[in-house]
**Q** 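Before anything else, here's the structure in question.
Not measured: the values here are computed from a predicted model. One is the number of the first residue; the rest follow in order along the sequence.
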Amino acid sequence: MLAQAAKFDWYQSTVQASDPYECGLVDALHRAWELTDWVPAKNLNGYTYGGAIVRGETVLAHLCWGGNTGINVKTTSAESGVLADALRGFYQQTRIQHLPTRVDACCDWVEEGLFDSLSAHLIAYAIENRLAINQQGDWERGEGRTLYIGSKDSPVRLVLYEKGYEQGGDAPRDWVRMEVRVR
């Protein structure tokens with residue numbers, strides 16, 4: 001089965017403002033995700049304050065501010081595209097810039113043998129171009145494998161993994177995901 005279009009799987013950005021309430025960012029995020037609440041959340045990465053846009057128990061976006069420059073806002077999975085769109089709209093409305101600090105894009109396939117084929121080509125490419133290779137999971141039995149091309153400190157890193165094993169349950173074992181992580 002062919003992959004659908006690439007999609008965001010992680011979106012993290014620094015909004016060039018000091019307080020998410022005063023600049024209107026919290027209101028903009030509430031408009032992006034209807035029927036949501038704003039709750040206190042853990043402050044991360046040296047920031048003083050933390051908050052989150054939530055729907056029930058689900059965190060849709062996590063924000064940190066104070067103590068560092070700007071407001072750090074991030075989300076993962078299906079919510080990543082919503083955040084990217086919300087920040088573009090916020091900029092158009094306020095002219096307050098945001099600078100993406102990490103963006104992951106991914107494609108998914110469900111196809112027997114695809115992980116073996118893609119990983120072999122990617123490993124050959126990495127060797128030829130002297131890129132770091134990191135293999136995790138059970139490569140002997142071919143279960144739950146992840147291949148990282150590029151170092152974890154690199155601004156661009158490619159990750160190929162067996163998403164079906166990660167999801168467990170009834171997920172198809174031939175479900176393969178390729179991510180490009182840009183910092």
**Q** Got a donor-acceptor contact below 3.5 angstrom from the Thr146 side chain to the Gln136 backbone?
**A**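 Not at all, since once roles are kept as given, no pair shorter than 3.5 Å links the two residues.
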
**Q** Shortest non-hydrogen contact from Ala171 to Gly164?
**A**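 Here Ala171 and Gly164 meet closest at CB-O, 3.8 Å.
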
**Q** Between Asp37 and His30, which heavy-atom pair has the shortest distance, and what is it?
**A**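 Closest approach of Asp37 to His30, heavy atoms only: C-CE1, 3.6 Å.
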
**Q** So how far is it from Leu147 CG to Leu118 CG, rounded to the nearest 0.5 Å?
**A**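 Between Leu147 CG and Leu118 CG, I get 9.5 Å after rounding to 0.5 Å.
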
**Q** Determine, stepwise, if the pair Ile96 / Tyr91 fulfils side-chain contact (heavy atoms from CB on, under 4.5 Å).
**A** CA-CA 5 Å; Ile96 297 173; Tyr91 170 75; 5.7 Å; no

**Q** For the CG atom of Leu131 and the CG atom of Leu158, what is their distance to the nearest 0.5 Å?
**A**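 Output value for this atom pair is 10.0 Å.
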
**Q** Quick one: does Arg55's side chain have a donor or acceptor within less than 3.5 Å of a partner on Glu34's backbone?
**A**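 Pair found, side chain donor or acceptor close to backbone of Glu34.
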
**Q** Given Arg145, which partner from the list Glu140, Glu162, Gln135 fulfils the side chain to side chain donor-acceptor pair (under 3.5 Å) test?
**A**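 Exactly one pass, corresponding to Glu162.
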
**Q** Working note: His62 + Thr76, criterion side-chain contact (heavy atoms from CB on, under 4.5 Å); need CA distance, chi angles, decisive distance, verdict.
**A** CA-CA 10 Å; His62 187 265; Thr76 63; over 6 Å; no

**Q** Just do the side-chain contact (heavy atoms from CB on, under 4.5 Å) check on Lys74 and Trp10 with the steps written out, would you?
**A** CA-CA 7 Å; Lys74 68 181 173 184; Trp10 180 287; 3.9 Å; yes

**Q** Test salt bridge (Lys or Arg N to Asp or Glu O under 4.0 Å) on Arg181 and Asp9; report intermediate values, then the result.
**A** CA-CA 9 Å; Arg181 298 177 179 174; Asp9 192 47; over 6 Å; no

**Q** Distance check, rounded to the nearest 0.5 Å: Asp85 atom CG versus Ser80 atom OG?
**A**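 Reported to 0.5 Å precision, the distance equals 11.0 Å.
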
**Q** Strictly by modelled atom types, are Glu79 and Trp33 linked by a side-chain donor-acceptor pair under 3.5 Å?
**A**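 Yes, Trp33 and Glu79 have a side-chain donor paired with an acceptor closer than 3.5 Å.
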
**Q** Got a sec: does the CZ of Arg183 have more than 12 other heavy atoms crowding it under 6.0 Å?
**A**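 Open.
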
**Q** I'd like to check Asp174 versus Leu114 (side-chain heavy atoms, cut-off strictly below 4.5 Å). Are they in contact?
**A**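 In short, these two side chains do not touch, never coming nearer than 4.5 Å.
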
**Q** Do Val176 and Leu160 come within less than 4.5 Å of each other through their side chains, counting heavy atoms only?
**A**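 Heavy-atom side-chain distance check passes, below 4.5 Å.
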
**Q** If hydrophobic clusters are built by linking Ile, Leu, Val, Met, Phe, Trp and Tyr wherever their side-chain heavy atoms come under 4.5 Å apart, do Val103 and Met178 end up in the same one?
**A**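 Not linked; separate clusters.
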
**Q** Test side-chain contact (heavy atoms from CB on, under 4.5 Å) on His98 and Gln16 and set out the steps.
**A** CA-CA 6 Å; His98 69 97; Gln16 300 300 300; over 6 Å; no

**Q** Are Trp109 and Tyr161 near enough that their ring centres are under 6.0 Å apart?
**A**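 No - the distance between ring centres of Trp109 and Tyr161 does not fall below the 6.0 Å cut-off.
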
**Q** State plainly whether one hydrophobic cluster holds both Leu83 and Leu60, where clusters connect Ile, Leu, Val, Met, Phe, Trp and Tyr through side-chain heavy atoms under 4.5 angstrom apart.
**A**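 Linked within one cluster.
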
**Q** What is the distance from atom CD of Gln12 to atom CZ of Arg102, rounded to the nearest 0.5 Å?
**A**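 So the gap between those two atoms works out to 7.0 Å.
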
**Q** Can you list the other members of the hydrophobic cluster that holds Val59, where links are side-chain heavy atoms under 4.5 angstrom apart?
**A**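 For the cluster that includes Val59, the remaining residues are Val39, Val54.
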
**Q** Quick check for you: to the nearest 0.5 Å, what is the distance between Asp108 atom CG and Lys7 atom NZ?
**A**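 Going from CG on Asp108 over to NZ on Lys7, the span is 5.0 Å.
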
**Q** Looking only at side-chain N and O atoms, does Arg31 offer a donor or acceptor that is under 3.5 Å from a partner on Gln93?
**A**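 Note: Gln93 and Arg31 side chains meet the donor-acceptor criterion.
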
**Q** Where the side chain of Thr94 meets the backbone of Phe90, is there a donor-acceptor pair that is under 3.5 Å apart?
**A**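 Yes; at least one donor-acceptor contact below 3.5 Å.
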
**Q** Are there more than 12 heavy atoms of other residues, nucleotides or ligands under 6.0 Å from atom OH of Tyr165?
**A**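 Buried by this count: over 12 neighbours within 6.0 Å.
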
**Q** Cys64 and Lys42: which non-hydrogen atoms are nearest, and at how many Å?
**A**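 Closest approach of Cys64 to Lys42, heavy atoms only: SG-O, 3.8 Å.
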
**Q** Any side-chain heavy atom of Leu29 within less than 4.5 Å of one from Val73?
**A**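 Leu29 vs Val73: side chains touch.
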
**Q** Can you find a heavy atom in the side chain of Leu25 that is under 4.5 Å from one in the side chain of Leu87?
**A**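 Yes, close enough: below the 4.5 Å cut-off.
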
**Q** When you measure from the side chain of Ser119 to the backbone N and O of Phe115, does any donor-acceptor pair fall under 3.5 Å?
**A**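 The answer is yes, because a donor-acceptor pair under 3.5 Å joins these two groups.
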
**Q** So, do Ser77 and Phe8 sit near enough that their side-chain heavy atoms are less than 4.5 Å apart?
**A**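 In short, these two side chains do not touch, never coming nearer than 4.5 Å.
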
**Q** Provide the closest heavy-atom pair for Thr69 versus Tyr47 in the form atom of the first, atom of the second, distance.
**A**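 Heavy-atom minimum between the residues: O-OH, 3.6 Å.
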
**Q** Could you tell me which non-hydrogen atom of Ala86 sits nearest to which non-hydrogen atom of Ala32, and how far apart they are?
**A**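 Looking at all heavy atoms of both residues, the closest pair is CB-CB, 3.6 Å.
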
**Q** So, taking the atom named CG in Asn72 and the one named CG in Leu99, what distance separates them when rounded to the nearest 0.5 Å?
**A**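 One gets 11.5 Å once the value is rounded to the nearest 0.5 Å.
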
**Q** For Tyr21, what residues pass the side-chain contact (heavy atoms from CB on, under 4.5 Å) criterion, not counting sequence neighbours?
**A**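 Residues passing side-chain contact (heavy atoms from CB on, under 4.5 Å) with Tyr21: Asp19, Val26, Trp38, Trp65.
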
**Q** Can you tell if the side chain of Tyr49 reaches within under 4.5 Å of the side chain of Asn43, non-hydrogen atoms only?
**A**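 Heavy-atom side-chain distance check fails, nothing below 4.5 Å.
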
**Q** Hey, any chance Val156 and Ile133 share a hydrophobic cluster, counting ILVMFWY side chains that come within less than 4.5 Å of each other, even indirectly?
**A**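 Yes: a chain of side-chain contacts under 4.5 Å links Val156 to Ile133.
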
**Q** Would Tyr125 and Trp139 show up in the same hydrophobic cluster when neighbours are defined by side-chain heavy atoms closer than 4.5 Å?
**A**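 In one cluster: yes.
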
**Q** Is there a side-chain contact between Val182 and Asp104 (heavy atoms, below 4.5 Å)?
**A**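 They are not in side-chain contact.
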
**Q** Ile71 and Cys23: which non-hydrogen atoms are nearest, and at how many Å?
**A**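 The answer is CD1-SG, 4.0 Å.
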
**Q** Would you check if the side chain of Ser151 reaches a backbone N or O of Ala132 as a donor-acceptor pair within less than 3.5 Å?
**A**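 The answer is no, because no donor-acceptor pair under 3.5 Å joins these two groups.
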
